[in-house]
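Scroll down for the structure; my scribbles are underneath it.
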Protein chains: 2
Amino acid sequence: MKNEVAEILKRNQLSVTDSRQKILELFRLSNSALAHADIEKKTSEQFDRVTIYRTLQTFVEKGIVHTIPTTDNSVLYALCKDNCSQGRHHDNHVHFICDNCGTTYCLEHITIPNVEVPGNFVTKRTDVVVSGLCDKCS
Amino acid sequence: MKNEVAEILKRNQLSVTDSRQKILELFRLSNSALAHADIEKKTSEQFDRVTIYRTLQTFVEKGIVHTIPTTDNSVLYALCKDNCSQGRHHDNHVHFICDNCGTTYCLEHITIPNVEVPGNFVTKRTDVVVSGLCDKCS
DNA sequence: TAATGTATTGCAACTCTGTTGCAAAATAAA
DNA sequence: TTTATTTTGCAACAGAGTTGCAATACATTA
Ligand SMILES: [Mn+2]
Ligand SMILES: [Mn+2]
Ligand SMILES: [Zn+2]
Ligand SMILES: [Zn+2]
């Protein structure tokens, strides 16, 4: 729904532009996380590389998407569900990266366990990334 | 101890070269994880960039160091303790990245919790990365 | 709806990171 | 010491990410 996408942008005080609409739509249609390269492949005819970088950055800042750490010099992005906002992500779920097909899933229903850290360390964020074989590859 | 470093290399069926000795020593002297860039800064007068890339790759393959996922298009490396070997890492600990000073610690004594995944997913590896403020920055 | 100010985009140029092939050098084996 | 094997450095390249700036698109107000 183009309209719903525009709503999300407005709610986040972003002007509604073609690139933001299209890229946000891509995330909504995908059931897995996307890398910059994925988005570039699907939209490079339409948008400049730089625009994609800036759009992703903006989405992260606004709490529209969240990042997923990886071990291969890439960053993955996925939609934040509920009520994330500027600087406050509430995506408290585990991520799964398939070693075989590379697909990365937000396991929305599996919550991050509480992890103890030494006395004077302060936890701001905890990422849990599981890798292995996804349901399609196992 | 240069000698001990050489022992580790031999034990892993690697020929003992200047760059491997020096880089491995760097890891042993550091109490935090190192990125490629860190090693380059400390040794670029001595070794070519390419050699550092290849050395790190070799160390990971042999189980001498392990990687730590990040959210910023970089990969961190840290020494494996005990008995990791080719393809079999037993580093089952949590990592902590300080948002302020950037230092990344292996929390050797905090073990990775068991994380449930959906039925047909197969877990091969679980990474837990906590970020926030380290003891020096809090 | 049209005019205006503001925010976003595309482009060009650049830097930084990582990779590859190959000849020279270093290491290990005999 | 000689020889075979492995590793290194260099050069060249490819790809990823950044920045400044002018052109364009968007939001606002009249
Ligand atoms: Mn997610
Ligand atoms: Mn570690
Ligand atoms: Zn898969
Ligand atoms: Zn710190």
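Note that the structure is a prediction, hence the values are computed from the model and not measured. Sequence lines set the chain letters: A, B, ... in the order given, protein chains first and strands last, and positions in each chain run from 1.
Closest to the Val50(B) side chain, of the nucleotides dT20(C), dG10(C), dG17(D), is dT20(C).
Residue Arg20(A) places at least one side-chain N or O closer than 4.0 Å to OP1 or OP2 of dT8(C). OP1 or OP2 of dA7(C) has not a single side-chain nitrogen or oxygen of Thr17(A) nearer than 4.0 Å. Regarding contacts with the backbone of dA26(C), every side-chain N or O of Ser15(B) stays at 4.0 angstrom or more from both OP1 and OP2.
Rounded to whole Å, atom C1' of dA16(D) lies 4 Å from atom OH of Tyr53(A). Atom CD in Glu45(B) sits roughly 13 Å away from atom P in dG9(D) (whole-Å rounding). As rounded to whole Å, 15 Å separates atom C1' of dT7(D) from atom CG of Leu56(B). Atom pair Lys10(A):NZ and dA7(C):P shows a separation of 18 Å (rounding to whole Å applied). What separates CG of Leu76(A) from P of dA16(D) is a distance of 14 Å, to the nearest Å. Asp18(B) places its CG atom 9 Å from the P atom of dT8(D), with the value rounded to the nearest Å. Protein atom NZ of Lys62(A) is 12 Å distant from nucleotide atom P of dA7(C), rounded to whole Å. Rounded to an integer number of Å, the gap from Gln57(A) CD to dT8(C) C1' is 13 Å.
Gln46(A) comes within 4.0 angstrom of sugar-phosphate atoms only, judged by non-hydrogen atoms across all strands, and of no base.
Although no hydrogens or angles enter the test, the distance criterion places no donor-acceptor pair under 3.5 Å between the side chain of Arg125(B) and the main chain of Gly132(A).
Once rounded to the nearest 0.5 Å, the distance linking CG of Asp72(B) with CD1 of Ile97(B) reads 7.5 Å.
In terms of polar N and O atoms assigned as donor or acceptor, the side chain of Arg49(A) never comes within less than 3.5 Å of the base of dG10(C) in a complementary pairing. Taking 3.5 Å as the limit, the base of dG9(D) and the side chain of Arg54(B) contain a donor-acceptor pair of atoms between them.
Of the candidates Asn3(B), Leu9(B), Ile8(B), Leu9(B) is the only one forming a side chain to side chain contact (heavy atoms under 4.5 Å, CB included) with Gln21(B).
Between Phe96(A) and Phe121(B), the ring-plane angle classifies as perpendicular under the 30° and 60° cut-offs.
Aromatic ring centres of Tyr77(B) and His66(B) lie farther apart than the 6.0 Å criterion allows.
The 5' end of DNA chain C is approached more closely, in terms of each residue's nearest nucleotide, by Asn73(B) than by the other of Val16(B) and Asn73(B).
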